[in-house]
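In what follows, a single structure is set out as structure tokens and then discussed.
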Amino acid sequence: MTSPMHTRITQLLGIDYPILGGGLMWLSDAPYVAALVNAGCMGYITPRSFASDAGFSQALQQCAELTQGKPFGVNLTLSSRPEANADIFRWMEMALSQGVRHFETAGYAPTPLIAALHDAGAIVVHKASSIRHALSAERAGADAIALVGMEEGGHPGTNELPTMLMGALALDRFEVPVVLGGGIGRGRQIAAVLAQGLDGVLIGSRFLVCDEIQTHRAYKEHLLDCDENSTVRLLQSLGNTWRVLRNDTARQIEAIERAGARDHADFGELIRGSTARDHAYALGDWQRGMLSLGPSIAFAHRIEPLRDIVRELMDEAHASLTRTASLVSP
Ligand SMILES: Cc1cc2nc3c(=O)[nH]c(=O)nc-3n(C[C@H](O)[C@H](O)[C@H](O)COP(=O)(O)O)c2cc1C
């Protein structure tokens with residue numbers, strides 16, 4: 001493997017490389033998160049992906065076994081609908097009681113959650129899609145910020161700004177380490193983020209083709225055929241922007257939005273999250289479901305172990321930083 005790199009985020013999280021694998025609904029389970037951790041990165045299990053507390057608890061146990069004492073994390077995504085957040089504090093307690101000390105928080109009004117995690121001695125990376133929200137998370141005690149641009153697969157919020165610009169806007173405004181996410185899938189981009197003065201990156205889409213992600217091979221093979229035009233942002237009309245694969249479902253959603261829909265109910269079953277799990281991920285039927293995905297999928301050319309993707313990213317980042325340094329040497 002490439003030699004470790006030292007930034008404020010590697011020091012804070014105790015990892016070799018400045019790469020965080022963001023939580024992935026239905027997909028960041030124990031094998032995937034353990035693969036991230038064992039490859040020298042940080043990963044976060046998503047409790048919402050499990051049908052029961054027992055399933056989540058088993059995943060925590062399995063991840064602890066697979067990582068053999070190395071720290072791993074849990075993603076706690078707050079919804080704008082309070083009733084959807086009833087479980088969050090229970091999942092937090094479960095994770096804490098099973099020894100987890102790393103959390104990626106995301107979503108709406110995180111201050112009480114960040115405070116509770118801090119009281120428990122946890123390390124919180126708060127993911128935000130605007131500088132304003134990121135600054136308020138820092139004030140609430142977040143130990144690091146993951147700032148995501150509009151390229152992000154999944155829910156980039158109503159932000160219209162691209163990742164690189166967000167990074168430049170963030171410079172010198174935060175005391176805590178900042179990592180950038182959204183559209184990152186090459187080592188040269190990691191080098192550019194570090195050269196900009198930020199502390200690391202957060203990746204989701206580029207990792208979807210790794211061996212350890214438990215989806216049908218036909219879905220992964222379709223991802224290899226995707227390019228930078230294969231994703232689309234939908235549901236802006238609901239203030240709930242979602243970047244997904246362009247497929248039959250996405251085209252139907254687009255048509256309903258164009259016709260003037262203004263309520264979740266107008267989209268019926270089309271936006272049901274479990275369709276992604278039951279059809280695309282389980283059976284390879286990628287035309288069905290809202291399949292969170294960003295344009296960095298264009299950088300994926302092979303289905304391979306996560307460790308190999310990380311190695312390629314870090315080798316390229318090292319080479320790029322070395323080349324960059326040579327530009328200014330006498
Ligand atoms: C399939 C998929 C599922 C995701 N699910 C979640 C989630 O449940 N919670 C969350 O905070 N972020 C989620 N995200 C966002 C990722 O954690 C991460 O922020 C994003 O993938 C980074 O941008 P990129 O896809 O351009 O690399 C998801 C992204 C993808 C691609």
Side-chain angles (χ1 to χ4, degrees), residues 19-29 32-33 36 41-50 56 73-80 84-85 87-88 91 103-108 110 113 124-129 133-134 137 145-157 159 162-164 166-167 179-186 189-190 193 200-210 213-215 219-220 222-223 226 228 230-233 240-245 247 273-277 280-281 286 289-300 306 309-310 313:
I19 301 178
L20 283 55
L24 306 175
M25 185 62 183
W26 306 126
L27 304 178
S28 46
D29 55 8
Y32 173 66
V33 170
L36 279 165
C41 311
M42 179 51 73
Y44 300 91
I45 293 179
T46 44
R48 278 192 203 285
S49 302
F50 299 91
F56 174 47
V74 162
N75 170 291
L76 297 173
T77 302
L78 292 152
S79 168
S80 58
N85 291 328
D87 300 319
I88 292 276
W91 290 329
F103 291 84
E104 177 194 40
T105 57
Y108 296 78
L113 180 60
V124 182
V125 178
H126 182 74
K127 183 161 62 184
S129 57
H133 289 147
I145 295 295
L147 203 53
V148 286
M150 51 86 85
E151 299 97 316
E152 179 195 38
H155 293 276
N159 164 49
T163 301
M164 206 60 179
M166 298 273 284
V179 304
L180 284 190
I184 292 176
R186 288 284 305 245
Q189 291 172 290
I190 299 175
V193 168
V201 298
L202 177 97
I203 293 179
S205 299
R206 172 66 185 90
F207 290 153
L208 292 179
V209 294
C210 75
I213 285 268
Q214 318 277 317
T215 54
Y219 182 54
K220 288 186 188 170
H222 180 66
L223 292 179
C226 287
E228 65 275 25
S230 300
T231 75
V232 58
R233 283 188 308 155
N240 183 22
T241 310
W242 198 347
R243 188 184 275 281
V244 294
L245 175 74
N247 62 2
S274 56
T275 309
R277 178 194 61 194
Y281 300 158
W286 51 266
M290 294 284 273
L291 308 177
S292 293
L293 186 69
S296 61
I297 197 59
F299 299 123
L306 183 72
I309 303 177
V310 171
L313 288 171

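Computed from heavy atoms alone, side chains included, the values below leave out hydrogens, waters and symmetry copies. Order of appearance sets the numbers: ligands from 1, and atoms from 1 within every ligand.
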**Fill in**
Which of V33, V74, L20 passes side chain to side chain contact (heavy atoms under 4.5 Å, CB included) with Y44? It is L20
**Prompt:** Any donor-acceptor pair under 3.5 Å linking the side chain of E152 with the backbone of G204?
**Reply:** no
**Asked** Where the side chain of H155 meets the backbone of T241, is there a donor-acceptor pair that is under 3.5 Å apart?
**Response** yes
**Complete:** The residue among I309, V201, I184 that forms side chain to side chain contact (heavy atoms under 4.5 Å, CB included) with R206 is I309
**Request:** State which residue, out of Y281, Y32, Y219, fulfils the side chain to side chain contact (heavy atoms under 4.5 Å, CB included) condition with I213.
**Result:** Y32
**Prompt:** Taking S296 for the side chain and G185 for the main chain, is one N or O donor matched with an acceptor at less than 3.5 Å?
**Reply:** no
Write none if no such pair exists; otherwise list each N/O atom of ligand 1 with its protein N/O partner under 3.5 Å and the distance.
residue	atom	partner	partner atom	Å
ligand 1	5 (N)	G23	O	3.4
ligand 1	5 (N)	M25	N	2.8
ligand 1	8 (O)	M25	N	3.4
ligand 1	9 (N)	T77	OG1	3.1
ligand 1	11 (O)	N75	ND2	3.1
ligand 1	11 (O)	T77	OG1	3.3
ligand 1	11 (O)	K127	NZ	3.0
ligand 1	12 (N)	G23	O	3.3
ligand 1	12 (N)	K127	NZ	2.9
ligand 1	14 (N)	G23	O	3.2
ligand 1	17 (O)	G23	N	3.4
ligand 1	17 (O)	G23	O	2.8
ligand 1	17 (O)	K127	NZ	2.7
ligand 1	19 (O)	K127	NZ	2.9
ligand 1	19 (O)	E152	OE2	2.5
ligand 1	25 (O)	G153	N	3.2
ligand 1	25 (O)	S205	N	3.0
ligand 1	25 (O)	S205	OG	2.6
ligand 1	26 (O)	G183	N	2.7
ligand 1	27 (O)	G204	N	2.8
ligand 1	27 (O)	S205	N	3.3

